[in-house]
Amino acid sequence: MRDIPVRLRSPFIFVRIADYCRWCVLLFLLVATLRCDASPSSDPEILARRGISAPVSSDGEQLVPELTLESPIGGWTSSQMLDIRGRCSDETVNPIVVNINGARYLVSPNTDGAFARSFPASQGRNTVEVICQNTKGVARQIRSLYVQTAPLPLKVVLTSDTDGVYTDLHVYEPNGAHVYWAQTKSPSGGLFFLNTQGDNFDKPGYGPYLYAHPAPPIGVYQIDANYWPGGAVQHTLGNLEIITNEGTPQESRRRVQRPLARPGETATLAFVIMRGIAQSPVIYVPGQDSEATMPPEIAKYRQEHPPSTGGEYASLPLNDKSHLREAVVGVALAQAKAFSPLWEPSQRDCAGLVRFAFREALKPRTLEQRVKLGLPSQLTFPPVSIMARLHFPEYPRLWRQGNGTHGAFADSEILIGHNFLPIGRSVEEAQNGDILAYAKSFTTDDPLHLMIVARSPHGGLMTVYHNGARAPHGAVRVVRIGELDTADDETWRPVAANPHFLGVYRWKPLMG
């Protein structure tokens, strides 16, 4: 989170109005002359860097795009999937937005602006809206058609916010069948639609993947996402939509979002319990729904199907958890006073503060360490035990990487994707040393922002974070949660209604 610039006023600056106006006129004439003499560039790369999209008119002005929609044409269909085809005259627009009954999907067009993709339909009337937008205006086409299919008790749709990646859907049925891209046939009759675009088979992109079951067996369904990036892409946001009893008065929808960080990462996004006739299905989302509300069927299922530890460190003893939390917060708060000489300047960002605080908190608490850290004499916190440090035989390589190894470095995505677990979206559940995670923009190299939670002895809740700026503007800030709740920039409000707020995360050795 960047610092907010403050506009300063000074009573000691005087400008002669006549001189000011004279300079304004001269500047206007200079700009006008340059504009008349210069020819606008037609190089697409230059136009893209200027934020100008094609097409442009003969005088270089950008035009409002035109959208041609070939399919659907309206009427009715009996297909589970809707074929969306068309072309946007602005070939630089990417992505094309498709809204179907309020569900938002993305399409990556070809180089000539043409696009073609199939999306899941709903039983009954479907309203399809296709949008092509550039900086000059919006082109929009709307179609309405009726889909004649049987009501679906269970439908699962998975999409991604990033083009050129695989965000694979994996569904484990109650009978143990694993339905996914390599095994699309469900023994119990489930339907699996691959992520296809036009004539391309399972092409990487925004999605969607679709799983639907016309007669799902009773039991627990586990829904996972597996992430495989393409090229230099290293992160995405998985979007899961679960629809139960579609096409009936009991229809229910649940949307789940989860950041996916590294190649091969698999995340369990949700569990669904199908309970039979006259009983409503139940959806449980780990990390969003409280464990206290976990249905007994899912608790039993998780005991019988524990996730692979993959060599992760075990949970710490209770006293050491408390001591480590206090030490993490103490080290982080000290950086707001003055940067420690042990904190490498090139590592000073929001993820770097997390790495530094946890690494130093695990060191033996000696006078030498305190001096090297530059801690104030009045700042004291207990050490963790020798037994606690034995839990980390690879220290200082604390952070689990995507390939199962541990390293000393981890960016914000590796921390959230492999080392911290979501515990909910209520800050009231946060303890010392937990992390508040935010999604900024998934088009940047650093799309996540992390804040360390600090509870005062009087019960007040604060956050400690690096503002993300480079020297000399980089700084560690301490902000009360109440200030974030009322921040002018809604991006940083830690509330469930804020789509940028991913929730509270806890380091795995502090769990359980």
Side-chain angles (χ1 to χ4, degrees), residues 71-84 98-105 117-130 142-159 169-181 183-196 207-225 239-256 269-285 289 295 297-298 301:
S71 176
I73 58 175
W76 71 277
T77 179
S78 60
S79 174
Q80 291 278 359
M81 303 291 282
L82 295 179
D83 182 35
I84 310 296
V98 177
N99 291 314
I100 303 178
N101 298 334
R104 177 176 175 269
Y105 302 106
R117 209 170 190 99
S118 297
F119 296 94
S122 298
Q123 195 274 342
R125 183 164 298 280
N126 286 246
T127 300
V128 178
E129 179 187 39
V130 182
I142 299 177
R143 297 285 189 274
S144 180
L145 71 162
Y146 192 87
V147 176
Q148 183 64 51
T149 60
L152 276 175
L154 178 61
K155 179 191 282 187
V156 177
V157 183
L158 179 65
T159 61
L169 174 66
H170 292 251
V171 177
Y172 296 87
E173 297 181 336
N175 57 11
H178 178 196
V179 187
Y180 66 116
W181 62 270
Q183 181 58 50
T184 59
K185 293 184 178 180
S186 161
S188 64
L191 308 172
F192 192 93
F193 294 86
L194 284 167
N195 171 22
T196 57
Y209 286 92
L210 169 66
Y211 171 86
H213 210 304
I218 295 173
V220 176
Y221 293 73
Q222 178 178 323
I223 303 171
D224 289 3
N239 305 289
L240 178 72
E241 186 171 21
I242 304 171
I243 306 103
T244 59
N245 292 324
E246 184 182 59
T248 73
Q250 292 75 39
E251 179 175 308
S252 176
R253 294 173 179 262
R254 178 78 183 269
R255 187 171 177 83
V256 182
L269 302 184
F271 295 94
V272 180
I273 307 174
M274 303 304 295
R275 286 178 166 169
I277 299 174
Q279 297 187 64
S280 299
V282 177
I283 300 172
Y284 179 81
V285 179
D289 300 336
E297 297 99 319
I298 294 178
Y301 178 91

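As the structure is a prediction and not an experimental result, all values here were calculated from the model.
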Determine the minimum heavy-atom distance between [X] and [Y], stating which atoms define it.
X: Arg275; Y: Ser280; value: CD-O, 4.2 Å
X: Ile218; Y: Pro174; value: O-CB, 3.7 Å
X: Phe271; Y: Val220; value: CD2-CG1, 4.0 Å
X: Ser118; Y: Pro208; value: O-CD, 3.7 Å
X: Ser122; Y: Arg253; value: OG-NH2, 3.5 Å

Run the numbers on Glu297 and Tyr284 for side chain to side chain donor-acceptor pair (under 3.5 Å), then give the verdict.
CA-CA 11 Å; Glu297 297 99 319; Tyr284 179 81; over 6 Å; no
Supply the atom-to-atom distance [X] [atom1] to [Y] [atom2], rounded to the nearest 0.5 angstrom.
X: Ile223; Y: Ile283; atom1: CD1; atom2: CD1; result: 7.5 Å
X: Phe193; Y: Thr184; atom1: CZ; atom2: OG1; result: 10.0 Å
X: Ile243; Y: Gln123; atom1: CD1; atom2: CD; result: 13.5 Å
X: Leu210; Y: Leu169; atom1: CG; atom2: CG; result: 8.5 Å

For the backbone of Tyr105 and the side chain of Thr159, can you confirm whether one donor and one acceptor N or O come within less than 3.5 Å of each other?
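No, Thr159 side chain to Tyr105 backbone: no donor-acceptor pair under 3.5 Å.
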Taking the side chain as C-beta and beyond, is there a heavy-atom pair between [X] and [Y] under 4.5 Å?
X: Arg254; Y: Pro281; answer: no
X: Leu82; Y: Pro72; answer: no
X: Met274; Y: His213; answer: no
X: Leu269; Y: Leu158; answer: yes
X: Ile142; Y: Glu129; answer: yes

Please state whether the rings of Tyr211 and Tyr221 are parallel, tilted or perpendicular, taking 30° and 60° as the class boundaries.
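Geometry flag for Tyr221 against Tyr211: tilted rings.
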Please work out which of the three classes, parallel, tilted or perpendicular, describes the rings of Phe192 and Tyr209, given edges at 30° and 60°.
tilted
Quickly, which of Asn101, Ile100, Asn99 forms a side-chain contact (heavy atoms from CB on, under 4.5 Å) with Thr127? Name it, please.
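Output: one option passes, namely Asn101.
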Using atom types as modelled, flag every donor-acceptor pair under 3.5 Å from a side chain in residues 146-157 to any protein atom, sequence neighbours excluded.
from, atom 1, to, atom 2, distance (Å)
Lys155, NZ, Ala121, O, 2.4
Lys155, NZ, Glu246, OE1, 3.1
Lys155, NZ, Glu246, OE2, 3.2

